[in-house]
Undergrad: 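Take a look at the following structure, please.
When a ligand or atom number is given, it counts from 1 through the structure's own listing order. All residue numbers refer to positions in the sequence shown, counting from 1.
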Amino acid sequence: MQKPNRRLENQTCIITGASSGIGKAVAKSMGMEGGNIVVNYNSGKKEAEELAHWISENSDCGQAIVFKCDVSKESEVKAMFKKTIAHFGTVEVCVANAGIQIDHPLHEMPLKDWQKVLDVNLTGQFLCAKESIIEFKRRGMRKGVSKSLGKIIHMSSVHEVIPWAGHANYAASKGGLLMLMESICQEYGPDKIRCNSIAPGAIKTEINKDVWSTKEGAEGMLKLIPYKRIGIPEDIGSVASWLASDESEYINGTTIFVDGGMTCYPGFTTNG
Ligand code: NAD
């Protein structure tokens, strides 16, 4: 287990889609850094409650609460921020992590499945970023807590730059996220708001279990990873905590790829 640390002490962190996978690991890591954690879930109430309990028990100084909300619904996102501010006073960190995949060949993709993925993966991230910025600006700088007014971390994907046949809705949502993140950086950097993305490669979670849980699937994944290891959620959790902390204060408007080298085109290792 990660040693308790204090890099996010007195800071409140909302993590969306935190009842499983990467979001859960980010919430645990930020909790162990002393942050107060809002474990957002849309499904997986029991897992979310167990996680919040674990954080409150194991963190040196942070507490955790759960909040059910569909990030694609504006009224629910607003309610989550309202509850968080009422409970913890404010928000310093938002990790917009919730995401889904609904795959089809493009010519067979129903409009509803295109729309659903865009609604959660892009509009949901916009809504969380918007409410974060409103709260950061309302609250103002808290000297001695963080050098930034607030930190937004978008959970993107290597597919913000790698095209993905059969997954055009997902790749389009993550490509859109790159421009959302960079535009927020440009617009709110002068307010000392930091906005960055993390782009995981292949990480063992529910979203891709059908691939890594079979021998052929896992071997196929490894061919795409120069480091020859499939990632685990904790690989992302530790980076997210560092990116939210003052140790990375001068990082703004960047995507950090956490992918074992997947974006280095391993298919060209033997001359393509
Ligand atoms: P996951 O399926 O375990 O996690 C996704 C979470 O989002 C779930 O807890 C789910 O309940 C939640 N969610 C879905 N719709 C929601 C909604 N409308 N409102 C609130 N929450 C909602 O998979 P994961 O791999 O942990 O995915 C987390 C993020 O990481 C996603 O944005 C995904 O695109 C990204 N990602 C994952 C990988 C990977 O290899 N696992 C790679 C690149 C990017």
Undergrad: Between Ala98 and ligand 1, which residue portion shows a heavy-atom distance shorter than 4.0 Å: side chain, backbone, both, or neither?
TA: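 Both backbone and side chain.
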
Undergrad: Just to be sure I'm reading this right: ignoring hydrogens, which of Gly21, Gly99, Cys128 gets closest to atom 5 (C) of ligand 1? Compare them by their nearest heavy atoms.
TA: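 Among Gly21, Gly99, Cys128, the closest heavy atom to atom 5 (C) of ligand 1 comes from Gly99.
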
Undergrad: Determine whether any heavy atom of Asp119 lies closer than 4.0 Å to an atom of ligand 1.
TA: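 So Asp119 does not count as touching ligand 1.
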
Undergrad: Share the residues that join Met181 in a hydrophobic cluster, the rule being Ile, Leu, Val, Met, Phe, Trp or Tyr side chains under 4.5 Å apart at the heavy-atom level.
TA: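 Leu178, Met179, all in the cluster of Met181.
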
Undergrad: What part of Lys24 sits under 4.0 Å from ligand 1 if we count only heavy atoms: the side chain, the backbone, both or neither?
TA: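 Neither part.
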
Undergrad: Please work out, at 4.0 Å between heavy atoms, whether the side chain, the backbone, both, or neither of Thr205 comes within that distance of ligand 1.
TA: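 Thr205 to ligand 1: side-chain contact only, backbone stays beyond 4.0 Å.
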
Undergrad: For ligand 1, does Val71 get within less than 4.0 Å through its side chain, its backbone, both, or neither, judged by non-hydrogen atoms?
TA: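 Under 4.0 Å from ligand 1, Val71 contributes backbone and side-chain atoms.
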
Undergrad: From the options Gly17, Ser19, Gly124, select the one whose nearest heavy atom is closest to atom 6 (C) of ligand 1.
TA: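 It is Gly17 whose heavy atom sits nearest to atom 6 (C) of ligand 1.
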
Undergrad: So which heavy atom in the protein is nearest atom 26 (O) of ligand 1, and how far is it from that ligand atom?
TA: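 Result: Ile22 N, 2.8 Å.
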
Undergrad: Applying side-chain hydrogen bond (donor to acceptor under 3.5 Å, both in side chains) as the test, list every pair that has at least one member in residues 11-25; sequence neighbours left out.
TA: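 Qualifying pairs: Gln11-Lys151.
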
Undergrad: Who gets closest to atom 14 (C) of ligand 1 by heavy atom: Asn97, Ile100, Val95?
TA: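 Checking each option, the heavy atom nearest atom 14 (C) of ligand 1 is found in Ile100.
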
Undergrad: Between Ala18 and ligand 1, which part of the residue brings a heavy atom under 4.0 Å of the ligand: side chain, backbone, both or neither?
TA: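 For Ala18, there is no contact with ligand 1 at all, from either part.
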
